[in-house]
Amino acid sequence: MRRIGILTSGGDCQALNATMRGVAKSLYNMLDDVEIIGFEDGYKGLMYADYQIMKPADFSGILTQGGTILGTSRQPFKQMRVPDENGLDKVEAMKHTYKKLKLSCLVVLGGNGSQKTANMLSEEGLNVVSLPKTIDNDLWGTDMTFGFQSAVEVATIDCIHTTAASHGRVFIVEVMGHKVGWLTLYAGLAGGADIILLPEVPYDIQVVCDAITKRTKAGKRFSILAVAEGAISKEDAAMSKKELKEKKKNGVVYPSVAYEIGAKIQEVTGSEVRVTVPGHMQRGGEPCPYDRVLATRLGAAAAELIINEEYGYMAALKNNEITKVPLSEVAGKLKTVDPNCSMIKEAKRIGISFGDQ
Ligand code: F6P
């Protein structure tokens, strides 16, 4: 009998359940004798042997269900080699659970940090197959992560247009994405933003204000900005980490970058500014059809890797084909937005400002 462990790790997103369903249905369908063990709350469940023996019925009816039926938690990679409060060696504990349960393989659904831990466990001798999860789409080795397209749908706040137009205001929508701008770029384009600010393209606040003033002079009553939570000014980008820390310590403290940018725009242009932060809503709700398809394909591909005993890989999407990438290549790399990519050039062509020139 094959016994497969599965866990969802890090921030949740849409299509975690859909992906697990893809893995499970394929395994049940293609193997005569298989048991799936679901670890609770990510790597924590593997460390402390909190698990449940799953049944085929557990994976039915969850294609459209958001969140994760297994629960998740953040277990930072940096802390993995640090013993817990009771002195437990976390890595050894995870290996112990894996061996005690006589697992054939561990399936990890996770983002960047989780992929690093998956690679570490693979290097420690466990059979690991992983799947690319995150609304940030910042995983190296795959064109698309599941969760991303669903988050784009939430972050594309179309309804901001009507209220912005009615009041003649400047609206800033702050979009998640951690240190990368994929979600902001897509949501900004889809939502008809006039200005898009990304971490990969440091902005000049004067350029941003000039773009707003230009719109006002052209008779436009409002402006909409899509700002990544990791957006950074040219000035700050040129500073060392230490200098930046010092600056933040001595300056005005804003709840987040959108509020800081909003205050400056109001000061320079005199426009009335409002900030909207959709926050964790971007990770919630049902997966969109694109994600359901991607999740199902990736899940089936992960099952095939398991059946063929090809371990140490992440199932990925490349040029619309499902493929596999070695975990050692994925771990520790970020897929960022290239400031010279055609998408940014096309956006600039239609007049969208990125605040850089
Ligand atoms: O990685 C997904 C993500 O939603 C990021 O976009 C965001 O910066 C972060 O997680 C928020 O983390 P938490 O849920 O721990 O607040």
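Numbering of ligands and ligand atoms starts at 1, following listing order. For clarity, every value in this text was computed on a predicted model and none was experimentally measured.
More than 12 heavy atoms of other residues, nucleotides or ligands lie within 6.0 Å of CG in Asp338, so this atom counts as buried by the packing criterion. The number of heavy-atom neighbours closer than 6.0 Å to NZ of Lys333, taken from other residues, nucleotides and ligands shown, is above 12. Within a 6.0 Å sphere centred on NZ of Lys234, other residues, nucleotides and ligands contribute more than 12 heavy atoms.
Side-chain polar atoms of Tyr48 and Asp84 form a donor-acceptor pair below 3.5 angstrom. Counting only N and O atoms by type, the side chains of Glu174 and Ser256 include a donor and acceptor under 3.5 Å apart. Side-chain atoms of Gln115 and Asn119 form no donor-acceptor pair, as typed in the model, at a separation below 3.5 Å.
Using 4.0 Å as the threshold, Gly111 has no heavy atom nearer than that to any atom of ligand 1.
Considering only non-hydrogen atoms, atom 3 (C) of ligand 1 lies nearest to Arg283 out of His280, Lys133, Arg283.
Heavy atoms of Ile135 found under 4.0 angstrom from ligand 1 belong exclusively to the side chain. Within the 4.0 Å heavy-atom criterion, neither part of Gln282 lies near ligand 1.
By the 4.5 Å side-chain criterion applied to Ile, Leu, Val, Met, Phe, Trp and Tyr, Ile195 is assigned to a cluster that also includes Val170, Ile172, Leu197, Tyr203, Ile205, Val208, Ile212, Leu225, Val227, Val252, Tyr254, Val257, Tyr259, Ile261, Ile265, Val273, Val275, Val277.
Near Met176, the atoms of ligand 1 lying under 4.0 angstrom from a non-hydrogen atom of the residue are 4 (O), 6 (O). Within the listing of ligand 1, atoms 9 (C), 10 (O), 11 (C), 12 (O), 13 (P), 14 (O), 15 (O) sit less than 4.0 angstrom from a heavy atom of Arg74. Heavy-atom contacts of Gly177 reach the following atoms of ligand 1: 6 (O) (cutoff under 4.0 Å). Within the listing of ligand 1, atoms 5 (C), 6 (O), 7 (C), 8 (O) sit less than 4.0 angstrom from a heavy atom of Glu229.
For atom 6 (O) of ligand 1, the closest non-hydrogen atom of the protein is Asp136 OD1, 2.7 Å.
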